[in-house]
Amino acid sequence: MQRSRLKTALLALAISASAGTFMAPAFAQTAAPAASTEARTSAPFTLPELGYAYDALDPVIDAQTMELHHSKHHQAYVTALNTAVEGDAQLAGLSLEELVATAGQRSATVRNNAGGHWNHTFFWQIMAPEAGRGEPSPELSAAITSVFGSMDAFKEAFNKAGTDRFGSGWAWLIVDENKQLAITSTPNQDNPLMDVADTRGTPVIGNDVWEHAYYLKHNNRRADYLKGWWDTVNWTKVSENYAIALAK
Ligand code: MN3
């Protein structure tokens with residue numbers, strides 16, 4: 001890492017740590033420092049490291065799916081986003097979070113690819129190899145039980161949001177503007193941070209229900225993928241997302 005980039009990265013970390021208000025997902029401890037600040041810096045954006053092996057989520061998500069999803073699909077969003085903002089001084093000066101928050105004022109290309117970059121960066125972090133998945137914090141458990149009745153009822157409602165999303169998109173657990181947990185879904189690469197979202201809030205959990213996320217192993221059976229996906233969730237990270245969202 002160049003000295004100037006390191007300085008910028010450290011500054012971004014210091015700001016986010018002290019303010020506690022950053023919108024970017026906080027990265028797992030397993031991620032390399034270079035990757036940990038990518039989502040908070042402006043263009044040119046780069047593909048963050050996964051933080052675990054491509055086969056770490058097997059048998060729920062197979063290694064080939066993970067490799068294609070990360071190195072091809074996510075990379076394509078990063079590349080297209082850089083191309084779209086390149087040469088546009090106004091856009092190039094905006095952070096990923098700013099691009100996402102103002103997606104409704106941007107071209108479809110910027111909206112789709114900024115969303116794609118943010119969503120996948122978030123997605124990789126909320127999954128983990130078996131040994132790193134942890135448990136929901138007492139605070140998150142209590143909130144889930146309070147809002148949805150039980151953890152099982154919550155998962156069922158979340159999975160329904162995923163299966164009901166027609167075509168491609170994402171299912172989300174968010175903290176809404178009243179600091180309440182809520183389930184929502186978005187089309188394409190939109191997310192609840194966007195000004196165009198029907199239901200806005202801070203993502204705590206997000207699951208990718210595009211066919212590219214599951215088709216090789218689960219074929220057309222999205223419901224099977226959604227059901228199995230809970231076995232990959234990094235509850236330590238999700239609990240951290242919840243605490244950060246409440247503090248915003
Ligand atoms: Mn995807």
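Order of listing sets the numbers, starting from 1, for every ligand and every atom in it.
- With Tyr77 as reference, His120 is the one residue of His70, His120, His117 to meet the ring-ring contact (aromatic ring centres under 6.0 Å, His included) rule.
- Between Trp170 and Phe123, the distance separating the two ring centers is shorter than 6.0 angstrom.
- With sequence neighbours excluded, no residue satisfies ring pair (Phe, Tyr, Trp, His ring centres under 6.0 Å) with Tyr242.
- Counting only distances under 2.8 Å, and ignoring water, the protein N, O or S atoms around the Mn ion (ligand 1) are His69 NE2, His120 NE2, Asp208 OD2, His212 NE2.
- Between the side chains of Arg106 and Thr102, at least one donor N or O sits under 3.5 Å from an acceptor N or O.
- Hydrophobic clustering (side-chain heavy atoms under 4.5 Å, transitive across Ile, Leu, Val, Met, Phe, Trp, Tyr) groups Leu181 together with Leu246.
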- prompt: Please walk me through it: do Leu226 and Lys160 pass side chain to side chain contact (heavy atoms under 4.5 Å, CB included)?
  reply: CA-CA 9 Å; Leu226 282 160; Lys160 185 174 187 313; over 6 Å; no
